[in-house]
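Residue numbers start from 1 in every chain, and the chains themselves are labelled A, B, ... in the order their sequence lines are given, proteins ahead of strands. Values below: all heavy atoms of this structure, side chains included; hydrogens, waters and symmetry mates excluded. Because the structure is a prediction, the values reported are computed rather than measured.
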Amino acid sequence: MKNKKLFKNLSLYIILIFFTLIFILPTVLMIVTAFKQDEMQILKDMNSFRAFLPVGDIGFQNFKDIFLRLPLTLFLKNSLIITILTIVLNVIVNSMLGYALARTQFKGKKVILTIVISLMIIPGEAVMLPLLLLVNKMNLIDTITVQILPSIAEAFTIFLFYQAFLEVPKEIEEAAILDGLNYIQIYKRIAMPLVMPTIVTTSILTGLGKWGDVLWPTMVTRGERVRPLAIGMQQLFTTQPQRWGDIFAFAALMVIPILILFLIFQKHFIRSIASTGVKG
Amino acid sequence: MKKIKKLLYKRDKSGYILSIPALLLLFVFVILPFIMAIYFSFTNRTFIPNPKLGTDFVGLDNYKTLLNDPVFWKALGNNIYFTAIAVPIQVTLALLLAILVNQKLKGITFFRTVFFSPVVIPMLIVSITWSLFFTPTENGLINSIISFITFGQVDLIKWLYDPSTAMLSIIILSVWQGVGFQMIIILSGLQAIPEDLYESASIDGATKWKQFRYVTMPMLRNNLVFVITSSIIMSFKLVTQVLVLTQGGPLNSTQTLVYLIYQSGYIDQMIGYASAIAVVFFIIVFTLSIIQQKFTKMVEN
């Protein structure tokens, strides 16, 4: 009996380790290769296990290279501004409407709720061309604003906040109303801190989406001045001859911050992804 | 008490003030472009209209062109091909992984974290990394592995450079990146199954397989329906991998609906025609979403 269990656990671990290799090795290769300075060696290593090991000529040369080849600090600054501002504004604007729909009374509320739910079905990809014409008319092409403004209001996020606010006990607000607070004050001081998990969830989802977005910035940016990291990455990847050491150094710069955040806030990341699956 | 109720339900301006920013932005950046897309699909609108010719209403011309455009059918076919291959593999694998990481073993959270980790890596980076693995020579990582396993019996595969394997390459890297997402959703379903259901089943003498078939699977239906339908919808939105790696080629073998919208609208500047594709794309996603909601409701009842 004991032996049987041992055997079962052992085979489970073997399967688990097999999948661990599949899911971790590409990321390991990316980070390891970023430090390999000999381009020929990188390509030679690809047909052996050396591809996943920090062997050969190791150092920071690739990182120095990409800072010389591309305006990396500028790209990084743009990406940070775009991602952080989108997250913050996204949380504020969508939670406001979510709260209004969940708690306040006003004419047309039901209609607005129906509209928001219907808008969840419209994929951004279906409206990107008219959107491009609109922002062109607004003289927003080649700005940071155009990479933030259109993605602030989002039906799905509004819906997540709406559901979260519905679950806040009404008694808490009733007490606040007796204290003479109005709905805007209640929203700011009482309701928002109570839906912290939803704030974290939507921030993670918005942040991941923005950080790696390529399609929209490709369409609305022309010069390097306003371009995010993703476009720089794409630029480096398509420049011939491809230098994989540089490409992976750039990739590592883009991915390592997310991986660190992921390792610290694992539970939140996983919970936020799971929450997109529990739709009403 | 009455006073509170009165105060609570008083129609004050707060509701409007809180609603205005989001409603305004939704109108300008979602509703308006959506209406424009439908309108443009009936015109010969170009990116910058020729001042002499202007934009004309052309009725159903764009849709007629679409029906006779082999590239459109190729793109639609590719989306269906991607869905037919990627979704079953991804869902089965996700189910297997979810069951694995639901076992009571030491260090199981480590494995869960690792399997999930590709989900947080941007698809752009995943695509670029895998394109190196798909190097079409005998030195390519995946070709080396295949040659090692089969003792060199399989011909060299050209992966992204061969029309017959380009889409398959994209499927492989997409499954690798996305499966952790489905795993988590299925896992949350597994964890919601009460332990005593298994206990009573095993007292009744049900084997492990029967327990899986008659307890686990029915209890997971809701999660599985969501996972399957949402991955089908995701498959129809396929674009980043194509944009980064193949630009629809070789020979349109990786052309997809969304990439075609981008190509004909942004690169070829035919807004009218691209809008017609966008409308068709919307109708497909809309139908899938309705089916998703119907199924989820049915399961709930």
Run the side-chain donor-acceptor check on residues 113-120 of chain B: report pairs under 3.5 Å with partners two or more places apart or on a different chain.
unit_1  : atom_1 : unit_2  : atom_2 : d
T113(B) : OG1    : Q266(A) : OE1    : 2.6
T113(B) : OG1    : T109(B) : O      : 2.8
S117(B) : OG     : V114(B) : O      : 2.7

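Only the side chain of L259(A) comes within less than 4.5 Å of a heavy atom in chain B; its backbone stays farther off. Looking at D45(A), neither its backbone nor its side chain comes within 4.5 Å of chain B, counting heavy atoms on both sides. Proximity to chain B is absent for every atom of S95(A), based on heavy atoms less than 4.5 angstrom apart. If you measure heavy-atom distances from L208(A) to chain B, the contacts under 4.5 Å come from the side chain alone. Residue F250(A) does not touch chain B at all, counting heavy-atom pairs closer than 4.5 Å. For L29(A), the part lying under 4.5 angstrom from a heavy atom of chain B is the side chain only. Using a 4.5 Å cut-off between heavy atoms, I128(B) contacts chain A through both its backbone and its side chain. Heavy atoms closer than 4.5 Å to chain B are found nowhere in K188(A), neither backbone nor side chain. Heavy atoms closer than 4.5 Å to chain B are found in the side chain of F52(A), but not in its backbone. Of the two parts of I158(A), only the side chain, counted from C-beta on, holds a non-hydrogen atom closer than 4.5 Å to a non-hydrogen atom of chain B. Contacts between F262(A) and chain B at a heavy-atom distance below 4.5 Å involve the side chain alone, from C-beta outward. With a 4.5 angstrom heavy-atom cutoff, L261(A) does not touch chain B via any of its atoms. Contact of I270(A) with chain B is made through backbone and side chain together, with heavy-atom distances under 4.5 Å. Heavy atoms closer than 4.5 Å to chain B are found in the side chain of I112(A), but not in its backbone. For L257(B), no part lies under 4.5 angstrom from a heavy atom of chain A.
A perpendicular orientation is assigned to the rings of F237(A) and W244(A), their planes being inclined by more than 60° (bins at 30° and 60°). Taking the six-membered ring for Trp and thresholds of 30 and 60 degrees, F165(A) and Y99(A) have ring planes more than 60 degrees apart, a perpendicular arrangement. Y262(B) and Y266(B) have parallel rings, their planes meeting at less than 30° on a 0 to 90° scale where 60° marks the start of perpendicular.
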> Could you go step by step and tell me if F34(B) and F282(B) meet the ring-ring contact (aromatic ring centres under 6.0 Å, His included) rule?
Replying inline: CA-CA 10 Å; F34(B) 182 64; F282(B) 167 74; 4.8 Å; yes
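In terms of modelled atom types and a separation under 3.5 Å, the side chain of Q185(A) and the main chain of N182(A) share a donor-acceptor contact. Although no hydrogens or angles enter the test, the distance criterion places no donor-acceptor pair under 3.5 Å between the side chain of T135(B) and the main chain of T137(B).
The greatest number of non-hydrogen atom pairs below 4.5 Å with chain A, out of S127(B), G265(B), G180(B), S275(B), is found for G265(B).
Side-chain contact between L160(B) and P136(B) is absent, with no heavy-atom pair separated by less than 4.5 Å.
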